[in-house]
Amino acid sequence: MATDRDPIVAAHGVSFRYAGSDANALESVDLAIARGEFLAFVGQNGAGKTTLAKLFNGLLTPTTGDVVVDGSSTHKVGIDFLSKIVGYCYQNPDHQIFSNTVREEVAFGLKHHGVPAAAAAESVTEALRLVGLEHQADRYPFLLGRGERQKLAVASILALGPPVLVIDEPTTGLDLGGTRSIMRLLRQLNESGRTVIIITHDMNVVAEYAPRTVVISKGRVIRDGSTRDVLTNEAALREAFLRPPQITRVALRLHERCGFPAGILTVDEFLTAYRSRAANTTTRAAARPASRGQG
Amino acid sequence: MPVGYSIYQERDSVLHQRIDPRTKFALLVTSFVLALAYNHPAVLGLLTATVIGAAWWSRLDFRRFLPILLAAGWFLVLGILVWPFYIQVGPPLFFIFGSAITITGLLFGLAMGLRVSLMVAAAGVWMMTTSPQKMTLGLVRMGLPQKAGIAMSTAIRLVPLLNAKRATIVEAQRARGLRLDTGNPLARARKSVSVLGPLLLSAIDLAQAIAIAMDARGFGARAERTSLVQIELTRLDRIILAACGMAIVASVVLRLLGIGVIVQGYL
Amino acid sequence: MASEPSAGDVIAVEGLTFRYPVGKEDVLAGIDLRVRNGEFLGITGSSGAGKSTLCLCLRGLIPHSLGGQMKGAVTVAGRRTTEVSPAQLGESVGLVFQDPEAQIIGLSVEEDLAFGPENYAWPRDRIRERIREVLAMVRLEGLETRETYSLSGGQKQRVAIAAALMMLPQVLILDEPTSELDPIGKEEVFATIRRLKEERDITIVMVEHAVEQLAQFADRIIVMDKGHIVAEDPPRALFRNVELFHHLDGERVPQVAEVLFALERDGLLQPDQFTPLEDEAVRVLAAGLEGRHGY
């Protein structure tokens with residue numbers, strides 16, 4: 001019997017090999033995700049991020065090892081069961097949108113799960129309200145902007161009511177405004193109790209929104225921890241061909257040169273740290289004016 | 001295994017490299033004419049063996065050629081099973097469901113099977129030994145309009161791309177609860193709209209984008225294009241082309257004389 | 001806002017407005033722009049600002065290939081785009097699109113690279129020689145016979161750049177060439193562009209969201225919003241205008257620029273110490289912490 005203390009999704013010694021391939025796409029992955037977490041999978045294309053996420057909703061099952069979702073092994077329960085627990089939102093919304101109205105698009109999954117019409121209509125309205133598309137319900141989906149289509153894709157997954165959301169590259173193709181809008185939505189969905197997993201390359205998004213980061217490289221989890229620890233370990237990121245956000249890099253270089261705090265993730269954190277440092281320096285400089293004259 | 005553009009296999013063989021795509025096309029046409037000119041299993045069997053021999057000689061990967069052989073074999077079996085019920089010439093060998101099965105009937109069935117097998121195998125060898133580039137260029141040189149040639153090679157280029165898109169779309173819809181393999185045929189057809197819709201739209205998008213990309217690279221700038229790939233009819237090609245011509249004439253003459261034909265009155 | 005016309009201009013845009021055939025609004029609403037020979041011009045701005053449309057105008061594909069209503073004059077490499085066909089302009093201007101999949105035409109790398117010069121009836125030997133040259137420029141030596149389908153995203157985009165360079169264009173236009181790529185692919189493309197810039201005999205116009213890279217490469221950057229050019233300056237001056245970017249939802253300044261500008265307002269740094277470049281910023285910030293002013 002699963003309890004709320006158990007992880008909602010866990011991988012135990014998971015390896016996976018695609019049929020016809022001669023190498024493992026994933027190699028001995030161990031991972032536990034608690035209810036209500038917000039985490040990011042980062043790594044290059046082909047590193048195995050998406051494969052791992054597909055093991056969570058039963059699109060794939062492990063070659064060896066076990067994935068346990070809400071207390072059930074994915075070897076034993078099918079995608080019908082799993083897709084109600086782990087909602088998987090694909091990278092490009094245009095790979096799933098086909099209906100004539102926004103409302104029908106969101107109702108698609110419910111219809112296939114055999115949800116009665118009245119209950120389905122209610123879930124659709126609620127999902128559209130959550131993503132802020134309630135006033136667009138009768139529009140033609142392809143007349144929405146890219147950012148709105150991304151939200152529509154999220155709504156069509158939300159309607160099924162999954163406690164876990166996996167969003168593959170939520171910000172690709174969006175500008176800063178679109179990125180903020182979709183990421184704030186995901187944060188809000190997380191704050192209302194859902195577990196959110198994003199798959200992304202955008203380290204600025206990771207730094208700002210995901211408290212936990214899992215780095216995947218060549219099919220292995222090479223780092224898993226708080227985003228602050230992971231993003232300030234430049235060497236480990238380099239192994240996965242990733243770089244921390246610019247402000248984190250600058251703080252790390254200043255740390256090496258003059259002992260500036262290393263664990264900086266945002267501009268605001270940097271400014272706070274710098275101002276307090278500068279105040280100390282000024283005080284010291286004032287106390288010992290002759291010691292630092294050469295410049 | 002990644003899906004490639006075509007079943008072409010690059011090899012350093014005479015058939016791959018030394019023979020012009022137009023000559024290979026002539027060989028293909030000749031094999032079709034010969035297949036239709038004769039209905040004697042001995043002649044057709046010899047021709048089929050020659051084509052399979054050519055595949056072996058060109059060092060084609062047997063595993064990749066196997067599906068073509070299997071298709072050919074299927075037509076062979078089908079021919080032997082069906083035709084004897086229609087061709088009842090000569091003394092009956094035995095009866096099935098009251099139908100007299102004769103030696104000639106069986107041989108004619110064998111011939112009809114071999115006829116299709118020969119064409120399938122020849123087309124297979126042609127496609128596996130001629131790169132899409134050379135095939136297109138050959139067709140253009142034989143009078144296919146330039147634009148049709150480019151359209152042909154662009155279509156080939158889109159095959160693996162659209163295949164990958166289709167797989168992604170199916171997965172995205174499965175993640176939303178779609179079950180393509182359940183329900184009655186009508187329900188299934190209705191469900192397939194959720195895959196074909198996005199696929200069609202992205203194919204149209206892609207085609208438009210590629211058309212603009214072609215304009216950006218000066219498509220149609222000059223009346224005559226040059227081509228990086230060089231094809232040229234050599235002495236060897238001319239000898240083969242002459243042989244093809246003679247084989248076609250000879251087969252028609254022989255056919256009119258009734259040689260190489262096991263049953264009269266059938267193609 | 002455009003600078004004074006001069007003989008060294010390779011691009012001159014005057015009063016350009018454009019509306020797509022099905023559109024209700026002008027996508028470009030009065031653009032004036034001049035680009036000097038050999039200049040690297042960056043273009044940034046939110047989605048729907050008209051950046052891609054401007055690229056299509058500069059390449060002459062608007063109005064010839066796409067229709068729509070165009071007003072104003074676009075002169076590139078001495079020719080009015082309305083008076084010559086896109087094919088005629090193709091020997092002076094190359095264009096690289098955003099999506100690597102949607103611009104590769106050939107089945108093999110060499111077939112793809114040959115497509116342009118074949119259209120201009122170049123002799124075979126010259127095409128072969130040029131293929132070798134451009135593959136060296138984008139660091140893909142020896143990949144002539146590779147199937148384009150089997151290349152990585154970054155390799156495909158470098159093939160697209162190579163294809164645009166085949167005709168020895170005076171002007172190379174790149175429309176968000178890295179936005180569909182993973183971090184390795186982005187880095188490969190930026191490295192290629194860095195080398196092109198060093199060679200310096202080509203004018204480059206690049207639309208890009210990665211402002212940190214743009215700050216490094218560009219001689220001048222224009223910011224577009226709703227069909228207008230709202231700012232136009234060298235990176236150092238442009239990114240100091242942090243407040244402008246706060247009003248624009250679509251784009252941000254490099255993180256170091258934001259930090260330096262805030263510290264300048266605090267009185268901790270001098271205005272002449274401002275820089276949008278990472279290495280310089282580290283020097284300035286370190287000097288500030290060590291109680292020195294200046295470099």
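Convention: sequence-line order gives letters A, B, ...; per-chain numbering from 1. Predicted model, so just to flag it, every value in this text is computed and none were measured.
Your options are C:Gly94, C:Ala163, C:Ala160, and the one with the most heavy-atom pairs under 4.5 Å with chain B is C:Ala163. Counting heavy-atom pairs closer than 4.5 Å to chain C, the top residue among B:Arg225, B:Met214, B:Glu224, B:Gln146 is B:Arg225. Interface check for chain C: of the options B:Ala209, B:Gly220, B:Ala216, B:Ser153, the most heavy-atom pairs under 4.5 Å are formed by B:Ala216. Note: B:Ile210 leads B:Asp205, B:Ile150, B:Val229, B:Ile210 in heavy-atom pairs under 4.5 Å with chain C. In terms of non-hydrogen atom pairs under 4.5 Å with chain B, the most contact-rich of C:Gly60, C:Ser65, C:Ala102 is C:Ala102. Residue with the most contacts toward chain C among B:Ser131, B:Gly218, B:Ala211: B:Gly218 (heavy-atom pairs, distance under 4.5 Å).
Here the shortest heavy-atom pairing between B:Ala164 and C:Tyr149 reads CB-OH, 4.3 Å.
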Margin query: Could you go through C:Leu107 and B:Gln133, starting from their C-alpha distance and side-chain angles, then the distance that decides it, and tell me whether this counts as side chain to side chain contact (heavy atoms under 4.5 Å, CB included)?
Written below: CA-CA 8 Å; C:Leu107 304 181; B:Gln133 254 170 301; 5.6 Å; no
C:Glu110/B:Leu228 under side chain to side chain contact (heavy atoms under 4.5 Å, CB included): CA gap, chis, key distance, verdict: CA-CA 8 Å; C:Glu110 64 178 359; B:Leu228 185 65; 4.0 Å; yes
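For C:Leu66, the part lying under 4.5 angstrom from a heavy atom of chain B is the side chain only. For B:Gln230, the parts sitting under 4.5 Å from any heavy atom of chain C are the backbone and the side chain alike.
Ion pairing between a basic and an acidic side chain is recognised when a charged N comes within 4.0 Å of a carboxylate O; C:Arg146 and B:Glu10 show no such pairing.
In the displayed structure, B:Phe25 atom CZ is contacted under 6.0 Å by at most 12 heavy atoms of other residues, nucleotides or ligands. Heavy-atom neighbours of B:Arg18 CZ from other residues, nucleotides or ligands within 6.0 Å: at or below the threshold of 12. In this structure, C:Glu25 places its CD atom where only 12 or fewer heavy-atom neighbours from other residues, nucleotides or ligands lie under 6.0 Å away.
Residues of residues 115-125 of chain C placed with any heavy atom under 4.5 Å of a heavy atom in chain B are listed by number as C:Phe115, C:Gly116, C:Pro117, C:Glu118, C:Asn119, C:Tyr120, C:Ala121, C:Trp122, C:Arg124.
In this structure, CG in C:Leu95 is found 11.0 Å from CG in B:Asp215, a value given to the nearest 0.5 Å. Between the CD1 atom of C:Ile105 and the OG1 atom of B:Thr154 there is a distance of 7.0 Å, given to the nearest 0.5 Å. Atom-to-atom distance recorded for C:Asp112:CG and B:Arg157:CZ is 7.5 Å, nearest 0.5 angstrom. Remark: B:Ser202 OG to C:Glu101 CD distance equals 11.5 Å, nearest 0.5 Å.
In this structure, B:Arg217 contributes its side chain and C:Gln103 its backbone to a donor-acceptor pair below 3.5 Å.
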